[in-house]
Protein chains: 2
Amino acid sequence: MSQIKFPATRRGGRASLVASRAEEKTPRLSTIRYGIKPVEALSPDQLERVHQASLAILREIGIDFRDETALRQWREAGADVQGQRVHLEPEMVMGLIAKAPRSFELRSRDIDRRVTISPDTLTFGTMQGAPNVRDINGVRRSSTMEDLKDVNRLTQMLPGFQVAGGFTCEPTDIAVPWRHLHINRSSLVETNLPYFGLTTGQERSEDSIAMARIAHGAEFMKSNAVIIGQISGNSPLVWDATMLEGLRVYAEANQVVLLSPFVLGAANTPADVAATAAQVNAEALAGLAYTQLTAPGAKMIYGQYSVSVSMRSGAPMSGMPEVTLLNVVIGQLARRYGIPWRTTASQSSSKTFDAQSGYESAIAYMSGATATSNLLLHAGGWDEAGMVCCFAKFVADAEQNLLIAKYAQGISFAYFDEALEAVRRVGPGGHYLGDSFTLKHFKDAFIAPELLDYLSYEQWKAKGSRDMAQRCREKAKAIIEGYEPPPMDAAVREELDAFVAKRQQEISPSLA
Amino acid sequence: MSQIKFPATRRGGRASLVASRAEEKTPRLSTIRYGIKPVEALSPDQLERVHQASLAILREIGIDFRDETALRQWREAGADVQGQRVHLEPEMVMGLIAKAPRSFELRSRDIDRRVTISPDTLTFGTMQGAPNVRDINGVRRSSTMEDLKDVNRLTQMLPGFQVAGGFTCEPTDIAVPWRHLHINRSSLVETNLPYFGLTTGQERSEDSIAMARIAHGAEFMKSNAVIIGQISGNSPLVWDATMLEGLRVYAEANQVVLLSPFVLGAANTPADVAATAAQVNAEALAGLAYTQLTAPGAKMIYGQYSVSVSMRSGAPMSGMPEVTLLNVVIGQLARRYGIPWRTTASQSSSKTFDAQSGYESAIAYMSGATATSNLLLHAGGWDEAGMVCCFAKFVADAEQNLLIAKYAQGISFAYFDEALEAVRRVGPGGHYLGDSFTLKHFKDAFIAPELLDYLSYEQWKAKGSRDMAQRCREKAKAIIEGYEPPPMDAAVREELDAFVAKRQQEISPSLA
């Protein structure tokens with residue numbers, strides 16, 4: 001299809017449209033409210049069947065809490081505890097779940113950057129946990145502290161992210177015992193978004209909360225959530241001590257707990273989508289119920305990370321149809337419980353930022369959005385099954401977030417009647433480019449991406465035949481060069497640095 | 001994430017799984033029944049509002065039929081006709097629409113390749129109309145007859161296609177007046193799938209039907225549809241003579257008519273998604289009603305081709321959120337009318353088979369599937385806004401079709417209870433890889449793509465660091481080399497060739 005020829009003589013025509021477009025600056029996504037009704041894969045009866053199967057798993061099979069504190073708490077609450085195995089009655093589970101808030105705010109140092117997490121909203125966060133980067137020159141290598149800072153700089157500048165991933169890539173040049181301090185510091189210094197803290201054990205969780213308090217004030221955090229702690233499950237049917245320690249620290253500090261069972265379909269769940277949903281839901285329900293047991297009213301997100309496993313090679317496969325369907329089911333379940341839920345967008349297994357990376361990522365995006373997930377995590381940079389944070393993909397995904405957000409918001413009827421008047425005015429065989437309604441509304445009616453290329457082949461060739469990876473690397477470079485740090489009081493920054501120095505000494509002075 | 005380590009000592013474990021996988025051959029997609037409930041963007045009230053707006057457009061503004069026969073037919077039916085402008089009363093429109101069959105079969109020479117088109121099913125067809133190919137070596141050039149034959153060979157061999165595009169790419173080395181004859185011949189000789197004929201005017205449509213009759217038998221075609229005629233609208237609110245001639249030829253031969261208004265958002269429709277839907281729906285309703293007027297009971301598909309237009313450059317932008325939302329609305333409308341509907345999958349504007357190509361294509365796939373479209377057209381090869389048929393993308397898309405088909409079918413509860421027994425058997429902390437349920441069901445439970453790469457970075461590098469484009473070119477080459485033509489009686493083939501020779505002479509002997 002050829003490009004539309006805009007009439008050259010029309011007043012206020014193409015030239016003025018282009019000019020006003022260029023002046024615009026894309027605003028950061030604030031709270032996105034869903035305006036679509038989600039895909040459903042289960043009838044009400046089937047949904048009830050999965051829910052009941054989850055409750056039966058918790059009652060009859062039970063679930064392991066490999067943590068003495070949790071076992072004591074369950075025992076005191078009246079659960080049937082045998083060794084590490086906890087058997088839970090449905091009433092107890094559902095009674096605890098009912099204490100969870102349906103909706104809450106994530107705050108940051110910038111009031112304009114707050115977002116509401118609820119079953120009706122959508123939020124985007126960057127990827128997490130990559131040990132490598134595909135850097136700004138496209139070179140794959142171990143990630144460093146400077147890479148993490150750059151990734152946080154991108155997160156801060158790109159309008160498509162509402163939550164910083166925290167440990168987006170690993171600063172492998174910093175000793176592991178000190179690493180969490182520097183990760184938290186970068187989240188707080190390079191960005192002013194809500195962010196993910198570290199959760200691996202008591203100490204690192206406490207350090208994460210302590211550093212957040214330095215930046216945000218302990219008093220403010222008593223009633224406001226600024227940091228999320230991600231608590232991964234150990235499927236099938238185990239919650240480990242390390243994670244439960246983290247859970248308690250975050251929940252008791254009135255910060256957000258994200259509970260994520262970790263599904264490797266057919267490896268740690270049955271080779272059946274519906275039964276996988278039942279098992280994962282049992283795990284999630286037990287974790288969610290425990291969170292409310294330890295801190296009634298705690299802000300929680302129902303999580304889930306799912307891939308299927310290749311029976312050819314044992315490799316995890318993201319974006320497969322079974323995972324897409326599992327998202328649909330988890331969404332139906334989470335809405336039944338009235339708890340916001342998270343899934344994963346933009347996963348790919350590709351070793352280079354190529355067509356596979358695009359296909360897989362976009363399937364995952366649409367999988368989450370059409371199931372009306374409330375937090376799309378890993379929606380920035382994820383490639384090579386999570387082993388790489390790709391800088392080019394990071395900015396590509398940030399743009400996809402804007403597109404997905406627009407889709408999720410659905411259709412406005414605010415100008416419907418006015419637009420129908422344009423249909424009457426233009427009439428059969430006419431055209432809309434010069435019509436007053438078009439000139440008034442084109443900016444908001446149709447989104448115009450920047451990194452997706454719409455040039456003709458000849459124009460594209462004349463401009464250097466740059467593929468998406470190259471365009472995105474150039475964009476990432478330009479953003480990092482133009483980075484503006486968010487304001488932070490010098491005293492706060494000094495206190496953060498002093499905390500890091502002090503804790504490094506306490507943890508392991510010999511690493512200096 | 002690392003690869004799962006399969007236990008090495010397990011009996012009947014990984015080795016046997018891998019072996020039985022390799023022996024398998026992916027079966028061609030037959031009729032795919034949706035097992036998901038679609039995304040909705042309109043409340044019942046809003047849906048009614050759009051529907052009523054469409055009817056008001058047809059009654060008050062009217063629509064142009066630039067064709068004397070059609071104008072006469074409308075006049076005779078009692079419509080208000082002024083010049084070429086036809087004003088239609090809602091009762092007349094809806095009365096005619098009600099004559100359309102809700103469901104019908106597409107047949108071919110192979111009984112196993114029939115598919116049902118209905119509001120409950122999903123069908124995949126290849127792209128159409130590319131003047132260029134990105135060939136098997138990745139070179140972009142004008143397409144030839146040999147390219148079209150190769151594309152048809154791929155269509156025939158790849159299990160992901162149920163309908164051949166017919167004019168998938170243009171045989172530019174054949175003179176335009178003869179071209180339709182050779183396109184039809186290739187559809188019939190190189191494939192035995194249902195396919196698209198040519199519709200540009202009376203003669204080419206009649207030739208298309210005549211050639212289908214040679215291959216299928218005139219008697220068979222009286223009661224069976226084997227060929228689809230695509231009738232494009234001319235938005236806003238015009239149906240042209242060339243297309244209406246084609247429409248009548250196909251409808252009167254009891255073949256399928258696909259009516260596709262052609263949306264360039266903000267160029268030939270208002271800069272408003274809901275009003276665009278109202279206009280497009282008015283156009284479609286008029287075309288559908290006319291089809292039933294000219295041939296009551298005719299098999300029809302409600303079509304729609306939509307892109308938004310960049311206000312920066314005037315270029316068409318595929319896969320944008322507004323188009324995705326328009327799909328949702330058209331789906332809701334078509335279901336209201338009980339007529340199967342078509343949209344476009346796998347569109348991209350990219351000039352190379354890169355990440356952009358993947359993102360845009362997959363968004364379009366999920367857009368169509370989550371709106372439960374009944375015919376996903378252009379689901380093979382489309383790139384560069386339709387200016388290119390990319391061989392690599394053709395095979396990549398064919399695989400995506402298999403994945404989307406699995407998603408569309410939703411979730412089976414056939415083995416739910418059995419799988420829950422596995423949860424009990426494995427228990428907390430166990431693993432499923434060696435469990436009897438896994439061994440019995442892994443093949444069907446989780447799909448395993450071939451062209452998406454799940455190797456580790458080191459394995460991938462050792463195997464030559466091939467990106468998706470390269471892997472797909474190699475695959476396309478292998479398929480074309482191993483191509484097996486479908487059976488065809490020598491006499492039928494001779495008759496087809498004689499028909500082509502005769503018609504060439506009649507049309508323009510001087511081109512020889």
Side-chain angles (χ1 to χ4, degrees), chain A residues 1 3-4 6 17 36-37 39-41 64 237-238 267 270-275 279 308 310-311 314-316 321-322 324 349 351-359 362-363 366 370 385-386 403 406-407 410-411 415-416 419-420 422-423 428-429 438 441-442 445-446 452 454 457 460 467-468, chain B residues 1 3-4 6 17 36-37 39-41 64 237-238 267 270-275 279 308 310-311 314-316 321-322 324 349 351-359 362-363 366 370 385-386 403 406-407 410-411 415-416 419-420 422-423 428-429 438 441-442 445-446 452 454 457 460 467-468:
Chain A
M1 185 192 307
Q3 286 174 297
I4 301 301
F6 284 82
L17 297 191
I36 55 172
K37 270 182 66 182
V39 169
E40 294 188 349
D64 285 3
L237 297 166
V238 177
D272 182 273
V273 173
Q279 179 192 307
S308 47
S310 167
M311 290 294 157
E322 300 83 12
T324 297
S349 298
K351 267 61 67 180
T352 178
F353 187 37
D354 65 351
Q356 173 173 352
S357 196
Y359 277 106
I363 294 283
M366 286 294 284
T370 57
L403 303 181
K406 181 140 196 224
Y407 164 67
I411 294 173
Y415 304 109
F416 185 60
L420 290 177
V423 177
T438 310
H441 291 283
F442 75 92
F446 297 98
L452 299 173
Y454 301 108
Y457 179 73
W460 177 77
D467 70 3
M468 193 183 202
Chain B
M1 186 193 307
Q3 286 174 299
I4 303 299
F6 285 83
L17 297 190
I36 56 172
K37 267 182 66 182
V39 169
E40 293 187 349
D64 285 3
L237 297 166
V238 177
D272 182 273
V273 173
Q279 179 192 308
S308 46
S310 167
M311 291 293 156
E322 300 83 14
T324 298
S349 298
K351 267 61 65 180
T352 178
F353 187 37
D354 65 351
Q356 173 174 351
S357 197
Y359 276 106
I363 294 283
M366 286 296 283
T370 57
L403 303 181
K406 180 138 197 228
Y407 165 66
I411 294 172
Y415 304 109
F416 185 60
L420 289 177
V423 177
T438 309
H441 291 283
F442 75 94
F446 297 98
L452 299 173
Y454 302 108
Y457 179 73
W460 176 78
D467 70 3
M468 192 182 203

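Hydrogens, waters and symmetry mates are skipped; everything else that's a heavy atom, side chains included, is used.
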### Task
Can you measure from CD1 (B/Ile36) to OG1 (A/Thr324) and round to the nearest 0.5 angstrom?
10.0 Å
### From A/Trp460 atom CH2 to B/Ser349 atom OG, the distance as rounded to the nearest 0.5 Å
13.0 Å
### Distance in Å, A/Tyr457 OH paired with B/Thr352 OG1, rounded so as to fall on 0.5 Å steps
9.0 Å
### Task
Please tell me if the side chains of A/Tyr359 and B/Leu403 come closer than 4.5 Å, counting only heavy atoms from C-beta onward.
no
### CG-CZ distance between A/Asp272 and B/Phe446, expressed to the nearest 0.5 angstrom
8.0 Å
### chain A interface, residue from B/Ala275, B/Pro270, B/Ala41 that has the most non-hydrogen pairs under 4.5 Å
B/Pro270
### Query
In terms of heavy-atom pairs under 4.5 Å with chain A, which of B/Ser308, B/Ala362, B/Ala355 leads?
B/Ala355
### Query
Do you know which of B/Pro428, B/Pro321, B/Gly358, B/Ala274 has the most heavy-atom pairs with chain A at a distance under 4.5 angstrom?
B/Pro428
#### Entry: More than 12 heavy atoms from other groups under 6.0 Å of CZ on B/Phe416
yes
### Query
What residues form a side-chain hydrogen bond (donor to acceptor under 3.5 Å, both in side chains) with A/Glu322, not counting sequence neighbours?
B/Lys406
### Message
At a 4.5 Å cut-off on heavy atoms, which part of B/Gln279 comes close to chain A: side chain, backbone, both, or neither?
### Response
side chain
### Task
Let me know if B/Val238 has heavy atoms under 4.5 Å from chain A in its side chain, its backbone, both or neither.
side chain
### With B/Ala445 via side-chain contact (heavy atoms from CB on, under 4.5 Å) - residues at least two apart
A/Ala271
### Query
When only pairs under 4.5 Å are counted, which of A/Lys351, A/Met468, A/Met366 shares the most heavy-atom pairs with chain B?
A/Lys351
